[in-house]
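Keep in mind it's a predicted model, so treat the numbers as computed, not measured. Both counts, for ligands and for their atoms, begin at 1 and track the order of listing.
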Amino acid sequence: MAHLLITGGAGFIGSHTCLTLLEAGHSLVVIDNFEGSSPEPLHQVAALAGLGPLEQLATGLWGTPDEPRQLLLLQGDIRSSSDLERAFNSSSTAAVEAVLHFAGLKAVAESIAEPLRYWDTNVAGSRCLLQAMATQGCRTLVFSSSATLYGLPDSVPIAESAPVRPINPYGHTKAAVEQMLADLAANQEGWRMARLRYFNPVGAHPSGCLGEAPFGQPSNLFPLINLVAQGQKPCLKIYGLDWPTADGTGVRDYIHVMDLAEGHRAAVQRLMNDPPQLLTLNLGTGKGHSVLELVRVFEKVTGRPVAWEGVERRPGDSACSIADPSLAQEVLGWATSHSLEDMCRDGWRWQVSHPHGY
Ligand code: UD1
């Protein structure tokens with residue numbers, strides 16, 4: 001079992017993956033600046049993993065002392081080489097074997113308003129992390145990439161060989177980091193890396209103790225459906241009823257966050273066991289669902305009505321985005337196991353117990 005560094009481990013996907021990795025027996029050190037999150041999910045992760053409570057340690061970190069599986073937490077920034085050095089040297093007994101890199105900004109509209117901030121955090125931050133990894137002699141990395149790279153796809157399902165054509169600054173930053181990893185893989189020996197391209201992650205841990213807690217106004221469909229169902233928002237605005245899809249609304253490949261977490265576990269273990277390589281893998285279900293289908297399944301599962309109205313299309317949206325996940329299935333021996341009903345049920349359980357986030 002390995003000692004792993006998790007950047008952005010307090011975020012939505014990072015926190016669920018931390019739990020899956022701890023349950024698989026790994027020890028973790030998390031670095032997070034809490035810009036879009038809080039330490040609370042990691043307290044929940046420790047409890048769900050059956051570890052003792054996170055306590056402040058003499059080193060200034062938080063952690064679970066006296067546990068064979070450690071969870072350590074450092075408030076720090078991936079753009080700071082000294083913060084990264086502390087993270088790499090956080091355990092007195094084990095060196096970091098691999099890094100799972102979730103830290104980054106992810107709101108498309110914000111990236112259009114503040115492109116330099118996105119290049120700084122997502123690209124300069126990743127470069128700083130890679131430099132620290134090289135210095136520390138750790139060359140195994142799982143990177144959070146995104147299906148946003150495919151822009152407006154020519155056809156679906158989308159294979160990894162489809163052209164990379166991002167259409168906003170957020171997507172450009174993900175493409176730039178993907179290129180940085182490709183340059184390392186092509187020119188330096190020993191790097192083991194996976195670029196995981198997520199489709200649309202939704203849902204929550206089935207306990208209802210971990211979930212998505214966006215800071216500020218959410219812009220993604222699933223959190224908005226939950227807010228409308230709970231009465232925190234009057235009505236869902238559906239961006240376009242005239243798309244070339246079966247019911248006229250946009251189609252996406254929604255994936256349960258626990259399936260995504262399991263994909264990360266499989267990827268990091270594969271990298272640690274195999275010779276150096278660069279993997280590029282779609283993580284999706286291979287099934288598409290329209291906005292109206294998601295609304296109807298959500299209403300059926302939760303028994304709550306979701307009021308909606310059709311409005312203009314959102315600039316930059318595509319009609320349809322569906323993964324071809326066959327390469328990830330083949331390479332990782334991984335497959336999704338949660339249905340759209342599970343995503344709605346688990347997401348709603350989280351929403352009901354945490355109406356205002358953590
Ligand atoms: C969006 C981003 C994408 C990013 C992903 C994860 C855009 C154009 N794309 O993907 O780059 O990687 O989030 O953060 O922002 N919808 C509505 N009403 C709403 C919100 C969404 O009808 O209020 C529709 C959209 O038109 C789309 C579907 O719901 O058809 C899903 O939207 P969303 O959850 O925002 O995800 P993406 O647009 O796929």
Side-chain angles (χ1 to χ4, degrees), residues 8 11-14 36-37 102 104-113 115 118 122 143-153 156 158 164-175 177-178 195-203 212-229 232-257 260 282-285 287-298 306-323 340 343-344 347:
F12 174 42
I13 301 166
S37 61
F102 298 95
L105 302 173
K106 60 165 190 179
V108 172
E110 195 180 63
S111 80
I112 294 168
Y118 271 66
N122 292 3
F143 172 60
S144 296
S145 191
S146 168
T148 200
L149 285 182
Y150 299 119
L152 305 176
V156 292
I158 308 169
V164 168
R165 282 188 308 225
I167 55 166
N168 53 58
Y170 164 66
H172 287 131
T173 65
K174 288 289 173 190
V177 179
E178 283 214 357
R195 309 185 293 190
L196 302 184
R197 295 176 176 169
Y198 312 155
F199 279 68
N200 288 61
V202 299
E212 185 171 14
F215 274 26
Q217 279 299 313
S219 56
N220 292 122
L221 178 64
F222 193 78
L224 287 167
I225 289 179
N226 278 272
L227 291 178
V228 174
Q232 290 196 52
K233 277 198 162 286
C235 180
L236 175 72
K237 292 185 178 358
I238 298 187
Y239 296 139
L241 302 175
D242 56 352
W243 293 99
T245 59
D247 64 19
T249 64
V251 168
R252 295 290 182 274
D253 184 336
Y254 298 97
I255 175 170
H256 196 293
V257 64
L260 200 56
N282 285 338
L283 295 185
T285 64
K287 292 188 210 99
H289 297 284
S290 73
V291 176
L292 277 176
E293 245 182 291
L294 178 57
V295 166
R296 294 206 177 105
V297 170
F298 189 93
V306 176
W308 60 269
E309 60 170 340
V311 298
E312 288 288 289
R313 291 181 181 185
R314 178 171 63 178
D317 270 353
S318 62
C320 188
S321 165
I322 303 172
L340 198 62
M343 301 180 212
C344 294

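Residues passing the side-chain hydrogen bond (donor to acceptor under 3.5 Å, both in side chains) test with E309, sequence neighbours excluded: K237. For D242, the salt bridge (Lys or Arg N to Asp or Glu O under 4.0 Å) partners at least two apart in sequence or on another chain are R313. For E293, there are no salt bridge (Lys or Arg N to Asp or Glu O under 4.0 Å) partners two or more places apart in sequence or in a different chain.
Under 3.5 Å, the side chains of E110 and Y118 contain a donor-acceptor pair of N or O atoms.
Near ligand 1, residues K106, V108, S146, T148, Y170, N200, S219, N220, L221, L224, K237, I238, Y239, G250, R252, Y254, V291, R314, G316, D317 each place a heavy atom inside the 4.0 Å sphere around the ligand atoms.
Here H289 contributes atom NE2 and T245 contributes atom OG1; the two are 13.5 Å apart, rounded to the nearest 0.5 Å.
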Exercise for the section: Might you work through the side-chain contact (heavy atoms from CB on, under 4.5 Å) test for V251 and W243, ending with a clear yes or no? Expected result: CA-CA 9 Å; V251 168; W243 293 99; over 6 Å; no

